[in-house]
Amino acid sequence: SAIAERTKRIKIGTAVHILPLANPLKTAEETATLDHLCGGRFEFGIGRSGLPSSYEGFNIPYAESRQRFFEYLDIILKAWTKDKFSHNGEFFRFNEVCLVPKPFQSPHPIIRIATTTTDTFPIIGKMGFPIFTGLRGLGISEVADQVESYIKAWNEANHTGPLNIFLRVPVYVASKKDMALRDPETSFMRQFRRLGNQLAQSSSRTNSETEKELRLRSNTLANITWNTVLEEKVVVGTPAMVIERLQKMKEVLHLNGIIAEFNAGELIPPERIESSLKLFCSEVMPAFR
């Protein structure tokens, strides 16, 4: 809301709102209101989180996260698009409720779903929603296979319109190669190590199938080197290097855009973040327009 009040053109999105952790009607109402405040510039980025610890403080079993997520999304869509609706589900029941206001955008804001687990990609592809994914737990080739399963399911469902795939990725741009490779190392590695620890802690709190996947990703991040991070998980370099890297990612992952993390790990000094962002906007972005 604060961003909406202070801006006129920039799009505003959540990345990601964890759906199963709140009341779906309240979320539908607040996001519809935000869509009005920004004049239709809102994009609704949602997910269910890959970390069971996100659920513990709310006393919600992570084992229910997938069922809750899809029921929650169904309720929001009904609230946004129907004058009145009733719902009788596994977790929520509503009788003849009417959401006010409806979203500014018709029929509703873009819904983009964070997708990380392999079995989720074809589910979302079949549903026809845009996605964002990342390279935190897996390498580019593995994520490419996941994206292909999303595209296959999308095509088999005969969805119209173009695909819409975004990648969340740490980015750092510097005028000289040695600076670009050196400056973000401590900060970016901190993010991957932290995620590895979170996955390790969460792996013991889930069912056996999820635990196996979380533990595998945790072990990978626990032993990862900076060279591997540079090859598989980040976009780092001079403007020319970054352009080349993004072009390859675009081709392999069928990307429409990225969500660039300019201070992944939160340790890069403000002046270097500012310099990196300026170089990205002035020298990298024009290559993709």
Side-chain angles (χ1 to χ4, degrees), residues 3 10-11 13-16 45 47 49-51 114-116 132-144 146-147 165-201 216-253 255-289:
I3 295 171
I10 190 171
K11 290 185 178 180
T14 53
V16 299
S49 179
L51 299 174
T115 313
T116 56
F132 27 41
T133 188
L135 299 168
R136 290 182 171 190
L138 298 174
I140 293 176
S141 60
E142 296 161 305
V143 175
Q146 292 177 326
V147 170
I165 302 169
F166 274 52
L167 177 73
R168 177 179 175 178
V169 62
V171 173
Y172 189 81
V173 192
S175 57
K176 296 181 180 179
K177 180 180 177 180
D178 60 336
M179 293 173 55
L181 300 182
R182 181 188 67 239
D183 289 351
E185 178 178 356
T186 301
S187 189
F188 284 9
M189 289 297 288
R190 178 180 186 239
Q191 184 191 57
F192 290 110
R193 300 292 189 207
R194 181 171 56 197
L195 177 61
N197 290 333
Q198 291 172 337
L199 292 175
Q201 294 170 11
L216 177 63
R217 295 186 182 193
S218 171
N219 290 338
T220 299
L221 292 175
N223 299 295
I224 201 166
T225 65
W226 178 234
N227 285 337
T228 302
V229 168
L230 288 172
E231 292 172 4
E232 291 282 341
K233 298 183 179 300
V234 297
V235 176
V236 166
T238 63
M241 292 168 63
V242 169
I243 290 170
E244 181 180 7
R245 174 77 160 162
L246 288 175
Q247 288 284 13
K248 289 181 179 178
M249 285 183 165
K250 179 181 178 181
E251 294 170 7
V252 173
L253 300 177
L255 299 180
N256 300 89
I258 65 169
I259 301 171
E261 297 181 88
F262 284 94
N263 191 20
E266 303 93 40
L267 296 178
I268 301 175
E271 63 274 10
R272 291 184 181 175
I273 299 171
E274 181 179 357
S275 175
S276 174
L277 180 57
K278 285 182 176 179
L279 284 170
F280 186 86
C281 292
S282 64
E283 299 191 32
V284 177
M285 286 177 60
F288 296 91
R289 288 175 177 158

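Taking CG of L167 as the reference point, atom CG of L253 lies at 6.0 Å (rounded to 0.5 Å). Once rounded to the nearest 0.5 Å, the distance linking CZ of R136 with CD of Q191 reads 4.0 Å. For the atom pair I268 CD1 and S276 OG, the distance stands at 7.0 Å (nearest 0.5 Å). Here CD of E185 is found 8.5 Å from CG of N227. Values are rounded to the nearest 0.5 Å. Rounded to the nearest 0.5 Å, atoms CD (E232) and CD1 (I224) are 8.0 Å apart. Annotation: the span from R272 atom CZ to M179 atom CE amounts to 6.5 Å, rounded to 0.5 Å.
The minimum heavy-atom distance between C281 and P286, with the atom names listed, is O-CD, 3.5 Å. Heavy-atom minimum distance, M241 versus V236: CE-O, 4.0 Å. Shown here for A264 and S187, the closest heavy-atom pair between the two residues is O-OG, 2.6 Å. Summarising the geometry of G134 relative to V143, their closest heavy-atom pair is O-CG2, 3.5 Å, with the distance given to 0.1 Å. Residues L230 and R245 come closest through the heavy atom pair O-NH2, 3.2 Å. Considering all non-hydrogen atoms of both residues, T238 and K177 come closest at CG2-N, 3.5 Å.
Summarising the local packing, CG of L267 is surrounded by more than 12 heavy atoms from other residues, nucleotides or ligands at distances under 6.0 Å.
Residues E283 and V173 form no side-chain contact, since every pair of their non-hydrogen atoms from C-beta on lies 4.5 Å or further apart. A heavy-atom distance below 4.5 Å is found between the side chains of I258 and V171. Within the 4.5 Å cutoff, no side-chain heavy atoms of E274 are placed close to those of L277.
Here the side chain of T14 pairs a donor or acceptor atom with the backbone of G45 at under 3.5 angstrom. The backbone N or O of T116 lies less than 3.5 Å from a partner atom in the side chain of Q146, making a donor-acceptor pair. Checking side-chain atoms of N256 against main-chain N and O of I165 turns up a donor-acceptor pair under 3.5 Å.
Here the rule is ring-ring contact (aromatic ring centres under 6.0 Å, His included) with F280, and of F288, F262, Y172 only F262 fits it.
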Evaluate side chain to side chain contact (heavy atoms under 4.5 Å, CB included) for K248 paired with I140, printing each intermediate quantity in order. CA-CA 10 Å; K248 289 181 179 178; I140 293 176; over 6 Å; no
